[in-house]
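Right, one structure below, let's go through it.
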Amino acid sequence: MINMLDKDMSGMMGFNEFKELCQVLNGWKATFSSFDRDHSGTVESHELQQAISTMGYNLSPQAMNCIMKRYSTSGRIAFDDFVSCCVRLRALTDQFRRRDTTHSGNASFQYDDFIQVTMSV
């Protein structure tokens, strides 16, 4: 989470970065709570899809299946895993957008750059 918001690349979190982290976490908690309709502390696949869509991500069913395989237990995702998923989605999306200079939905990565991005998230 620190890497996600470490805008000055100091490896540490300053006050403003911490403040933004709190806001982001509160937003994710509100989103999660609004889709955890049975108040079980978990969301199901279709609820996760809606939550992710609400946050502005347009993912294919195949991408959603990958997320479910990685983060779910018995077809449900707990809040901690939801936060982990959100951190990774945001970080990967930010890295992708930096390389999608034409905003076309396409980005070029050199192999080493790709490894650095995916291993640091």
*Mind checking what makes side-chain contact (heavy atoms from CB on, under 4.5 Å) contact with Thr101, not counting sequence neighbours?*
none
_Qualifying residues under side chain to side chain donor-acceptor pair (under 3.5 Å), relative to Gln110, sequence neighbours excluded_ = none
*Tell me, which pairs form a ring-ring contact (aromatic ring centres under 6.0 Å, His included) where one or both residues lie in residues 86-121, sequence neighbours left out?*
none
*So which pairs with a foot in residues 46-66 pass salt bridge (charged side-chain N to carboxylate O under 4.0 Å, His left out), sequence neighbours left out?*
none
*For Asp38, does the CG atom sit with more than 12 other heavy atoms under 6.0 Å from it, leaving out its own atoms?*
yes
*Start with the C-alpha gap between Val24 and Glu20, add the side-chain angles, then the distance that decides, and say whether side chain to side chain contact (heavy atoms under 4.5 Å, CB included) holds.*
CA-CA 6 Å; Val24 168; Glu20 185 178 351; 4.2 Å; yes
*asked:* Under the rule for side chain to side chain donor-acceptor pair (under 3.5 Å), what residues qualify as partners of Asp36, not counting sequence neighbours?
replied: Ser40
*State the CG-CZ distance between Asp94 and Arg98, to the nearest 0.5 angstrom.*
6.0 Å
_Any pair counted as ring-ring contact (aromatic ring centres under 6.0 Å, His included), so long as it reaches residues 31-64, sequence neighbours left out_ = Phe32-Phe79, Phe32-Phe82
*Can you name the residues that form a side chain to side chain donor-acceptor pair (under 3.5 Å) with Ser108, not counting sequence neighbours?*
none
*Quick one: list whatever passes side-chain contact (heavy atoms from CB on, under 4.5 Å) with Asn65, sequence neighbours left out.*
none
*Hey, is the main chain of Gln49 close enough, under 3.5 Å, to the side chain of Ser53 for a donor-acceptor pair?*
no
_By salt bridge (charged side-chain N to carboxylate O under 4.0 Å, His left out) - contacts of Glu44 (at least two apart)_ = Arg76
*Might you point out which heavy atoms bring Cys86 and Trp28 nearest each other, and give the distance in Å?*
CB-CE2, 3.3 Å
*State the CD1-CG distance between Ile52 and Leu59, to the nearest 0.5 angstrom.*
6.0 Å
*asked:* Could you measure the distance from the OG1 atom of Thr73 to the CE atom of Met68? Nearest 0.5 Å is fine.
replied: 9.0 Å
*Take Leu92 and Gln95 through the side chain to side chain contact (heavy atoms under 4.5 Å, CB included) test and state the conclusion after the steps.*
CA-CA 5 Å; Leu92 288 172; Gln95 290 294 332; 5.6 Å; no
*What's the spacing between Leu89 CG and Ile67 CD1 if we round to 0.5 Å?*
4.5 Å
*Closest approach of Ile77 to Asp81 (non-hydrogen atoms, all atoms of both residues)*: CG2-CB, 3.8 Å
*Any pair with a residue in residues 109-121 that passes salt bridge (charged side-chain N to carboxylate O under 4.0 Å, His left out), sequence neighbours left out, goes on the list, sorted by first then second residue, please.*
Arg99-Asp113
*asked:* Run Met55 and Arg90 through side chain to side chain contact (heavy atoms under 4.5 Å, CB included) and show every step you take.
replied: CA-CA 10 Å; Met55 292 186 293; Arg90 179 172 168 160; over 6 Å; no
*Does the Ser104 side chain pair with the main chain of Asp100, one donor and one acceptor, at a distance under 3.5 Å?*
no
*Counting N and O atoms only, with roles assigned by atom type, does the side chain of Ser34 sit under 3.5 Å from a partner on the main chain of Thr31, one being a donor and the other an acceptor?*
yes
